[in-house]
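Reading through the C-alpha cells given below for one structure.
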Amino acid sequence: MIELSSLGSEADELAAQRQKKLRAIAALGFETYPRKFNFTHTIPAVLAEYSGRCDEDLKAARISLRVAGRLMALRPHGKAGFGHLSGDGARLQIYVRLDAVGERDFELFRLLDLGDLIGVEGYLFRTRTGELTVHAERLHFLAKALLPLPEKWHGLTDMEVRYRQRYVDLMVNPRVREIFERRARLVGAIREFLNSRRYLEVETPMMQPLPGGALARPFVTHHNALNLDLYLRVAPELYLKRLLVGGVDRVYEINRNFRNEGISTQHNPEFTMLEFYEAYADYRDMMALTERLLRHVAEATIGRLEFEWWGHKISLARFERLTMKEAVVRFWPEGAQAKPKLEDWADPKAVFRWIDTYNRWAEQPQSSLERIQEVASGTDRDTSAPRQPIALPADTPPGAALQALFEAVAEHHLIQPTFILDFPLEVSPLAKQKADDPNYVERFELYVGGMEIANAFSELNDPAEQRDRFEYQQLLRDRGDLAAHTIDEDYIRALSYGMPPAAGEGVGIDRLTMLLTDSHSIRDVILFPLLRPEKRSG
RNA sequence: GGGCCGGUAGCUCAAUGGUGGAGCACUGCCCUUUUAAGGCAGGGGUUCUGGGUUCGAGUCCCAGCCGGCUCACCA
C-alpha cells in the first residue's frame with residue numbers, strides 16, 4: 001500500500017481512484033496480485049511471427065494465443081475498445097468487445113487504467129486500418145498501476161525523474177531500453193571476442209586492503225568482523241597481473257571500478273571497465289588487438305564500423321597513431337605564437353616553456369574573428385580549444401606537465417580513433433620504459449570522440465624497478481597527492497617470482513557504449529547513475 | 001567546489017509585478033474496427049523551501065535544496 005499522504009493532493013486523488021478500482025476488480029472475482037500467467041508468445045514473438053500475414057490468412061488459421069504486458073494506450077468505444085499492450089520493448093494492439101469477452105471481463109476492461117498489467121487470451125486479426133491485433137476472448141488481471149504514467153505524447157523528459165525513477169523512464173521511453181539492450185550486446189561481443197582467443201574471464205576483489213592499479217582516490221569501507229578498513233577497488237590491475245604470475249597467460253575481467261572523484265558527463269563514481277592481459281605481448285600487440293576488438297564490437301552491436309556521435313561521423317575503419325608530443329605539435333592552437341617543432345622537445349624541461357606560450361595565448365580574450373570562425377565550422381560537439389590556462393603545482397615533473405599540455409591542446413580534437421603513444425614515465429608507475437628513452441614508457445591511450453576510451457601498456461615486471469616506482473608514488477602521497485599509489489609489498493613479492501613479459505589494457509565500457517549509442521552523458525548509459533538522495537517531503 | 005541555466009497540476013508546457021491556464025492523464029455520461037479515437041459535462045495547485053522588497057510576488061532581491069550544462073579533479 002503506498003503512502004497517499006506522501007504525494008501531492010492530485011496525486012493522492014489519482015492513487016485513491018485507482019485503489020478504489022482495484023477493490024472493484026477484486027469484487028468481480030479477480031485476484032488482485034495473481035502469481036503467474038501462462039503466455040504462449042512474447043509480444044516481439046507475435047510481431048516477428050505474424051507481421052507478414054494478411055487478415056484472410058489470420059482468419060483462416062485462427063491463431064489463438066495468450067500474451068501479457070503493460071497497458072499503454074486505451075481507446076474505449078462504448079461496448080468495445082482498443083488498447084496497446086507493451087512488453088519486451090514492443091507493442092501489440094488488443095481489441096476487446098463485450099460480446100466476445102462477456103460481462104465480467106468487460107467490466108474488468110472498464111476498470112483498467114493506463115499502466116495496468118494484464119494478460120489477454122484471444123486470436124489474431126487485422127483491423128480495418130491493417131494493424132495486427134489480438135481479438136480478446138478473455139482478460140486476465142495481473143497487477144495494478146496505482147500511480148499514473150507520464151504523458152503519452154511527450155513522455156517523460158525531466159532528467160532528474162528519468163534517472164531517479166528509471167523504471168518509469170523504461171516504460172515510456174523506448175530509446176532507453178534500446179540503449180541498454182545495445183550495451184548488453186556490446187559486453188557480450190567483448191566476451192565472445194576474448195573467449196575465442198582463449199582469454200580466461202575472472203573476478204578479482206572489489207574490496208581491497210590496498211587500493212592500486214590506477215591513480216585515483218578510493219572509497220573507504222569497513223569490515224566489522226575483521227575490524228578492517230577496506231578500499232573499493234579503483235582498478236583490478238594488480239590482481240590480474242598476479243594471475244599472470246600464476247600462469248594465467250590470457251586473462252580478463254569486466255566489472256565495476258570505484259573512484260572517489262568528481263561526477264561529470266564522462267564520470268560516474270562507479271563505472272564498468274574491461275581489463276585484459278596477455279603474456280608475451282607488448283603494447284604494440286595491444287594496439288592491433290584493440291583495433292580488432294573495437295571493430296568486432298561495432299559489427300556485433302550496430303552492424304557497421306561507422307557511426308554518428310554528436311554530429312560527427314566516426315569510423316573505426318582507420319586508427320591514427322600519434323605520440324603525445326606529435327599530438328601537441330599537430331593541434332597547437334592557430335592563434336598561439338611559435339608553434340613548437342618536434343626537435344624542440346629534446347630537453348625535457350622545454351615543456352614548461354611551451355606551457356608558458358600556451359598560457360599567454362589562452363589568457364588572451366578570444367577575437368571576434370575566431371569566435372565567428374568557430375561558430376561557422378560548428379558541429380554539435382565543440383572541438384575548439386577550451387582556452388583555459390594550464391595551472392600546475394609548483395614542483396610538477398616535466399612528464400606530468402607534458403600530459404597536462406596534451407590534454408589542454410589535443411584531447412578534444414581526437415574525434416576519430418587515435419592512439420596516443422609514448423607516455424611520460426612519471427605518470428605511468430606500472431608501465432615498462434621504452435628501450436631507447438627511459439623518460440618514456442611503452443603505453444598508449446585510445447581516444448575516440450574526444451574521450452579516453454582505453455589505456456594500455458607493456459607491463460613493468462622488474463620487481464626492483466617496480467619498488468622504485470612505488471616509492472616515487474609514496475613520495476607524491478606524502479606531499480598530499482591522495483590519488484598516488486601506496487606501496488603494495490605483496491605485488492612486489494608476486495613480481496619477484498617472475499612475471500612473463502606482458503601487455504595489458506583497460507577499456508571504459510560506459511564510454512564505449514556512449515559512442516555506439518550516440519549518448520552524450522555517461523548517465524544515459526548507466527541504469528541508475530549516482531544522484532544525491534531524494535529529499536522526502538512530509 | 002566555481003560559473004551559467006532550470007524547478008508552476010500526475011506528465012509536457014503557458015502566464016508585462018495585478019483573479020495561476022492549456023494539452024494529455026483523471027472523473028461522469030454517450031459511442032461495437034479505433035490508434036495523439038471522438039462528443040458533452042466536470043474535478044484537480046504549498047507555483048521547490050525559507051526570508052525580504054511591494055498596496056500586491058509564479059514573476060523582483062537574498063539564502064538554501066534538487067537537477068542540467070560547464071570548468072576544476074579524474075577515466
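Naming convention: chains lettered A, B, ... in sequence-line order (proteins, then strands); numbering from 1 in each chain.
Protein atom CZ of A:Phe106 is 8 Å distant from nucleotide atom C1' of B:U32, rounded to whole Å. For the pair A:Arg75 CZ and B:A36 C1', the interatomic distance rounds to 9 Å; values are reported in whole Å. Distance A:Leu112 CG to B:C26 P: 11 Å, rounded to the nearest Å. In this structure, A:Arg91 places its CZ atom 15 Å from C1' of B:U34, rounding to the nearest Å. Distance CD (A:Glu10) to P (B:A22): 13 Å, rounded to an integer number of Å. Nucleotide B:U33 holds its P atom 10 Å from the CZ atom of A:Phe125, rounded to whole Å. If you take CG of A:Leu14 and C1' of B:G45, they are 13 Å apart, rounded to a whole angstrom. Spacing between atom CG of A:Asp158 and atom P of B:A9 amounts to 11 Å, rounded to whole angstrom units.
Taking 4.0 angstrom as the limit, A:Thr127 places none of its side-chain polar atoms (N or O) nearer than this to OP1 or OP2 of B:U34. For B:U70, the OP1/OP2 oxygens have a side-chain nitrogen or oxygen of A:Thr265 closer than 4.0 Å. Distances shorter than 4.0 Å separate some side-chain N or O of A:Arg164 from OP1 or OP2 on B:G67. OP1 or OP2 of B:G68 has at least one side-chain nitrogen or oxygen of A:Arg523 nearer than 4.0 Å. For B:U34, one of the phosphate oxygens OP1 or OP2 lies less than 4.0 angstrom from a side-chain nitrogen or oxygen of A:Arg128.
Nucleotides B:A22 and B:C65 place their C1' atoms 30 Å apart, quoted to the nearest Å. Rounded to the nearest Å, the gap between the P atom of B:C62 and that of B:C5 is 12 Å.
Base contact: A:Asn268 has a heavy atom under 4.0 Å from a base atom. A:Lys21 comes within 4.0 angstrom of sugar-phosphate atoms only, judged by non-hydrogen atoms across all strands, and of no base.
Ring pair A:Tyr447/A:Phe406: centre-to-centre distance below 6.0 Å.
Each of A:Asp99 and A:Pro148 lies near RNA chain B, and the nucleotide nearest A:Pro148 is the one positioned closer to the 5' end.
Aromatic ring orientation, A:Phe319 versus A:Phe419: parallel (interplanar angle below 30°, classes split at 30° and 60°). Between A:Tyr95 and A:Phe125, the two ring planes are tilted [angle within 30° to 60°].
Taking a centre distance below 5.5 Å and an interplanar angle below 30 degrees as the stacking criterion, A:Phe271 stacks against the six-membered base ring of B:A75.
The pairing partner recorded for B:G1 is B:C71, the criterion being a Watson-Crick or G-U wobble arrangement whose two distances lie under 3.5 angstrom.
Residues A:Leu430 and A:Lys241 have side chains in contact (heavy-atom distance under 4.5 Å, counting atoms from C-beta outward).
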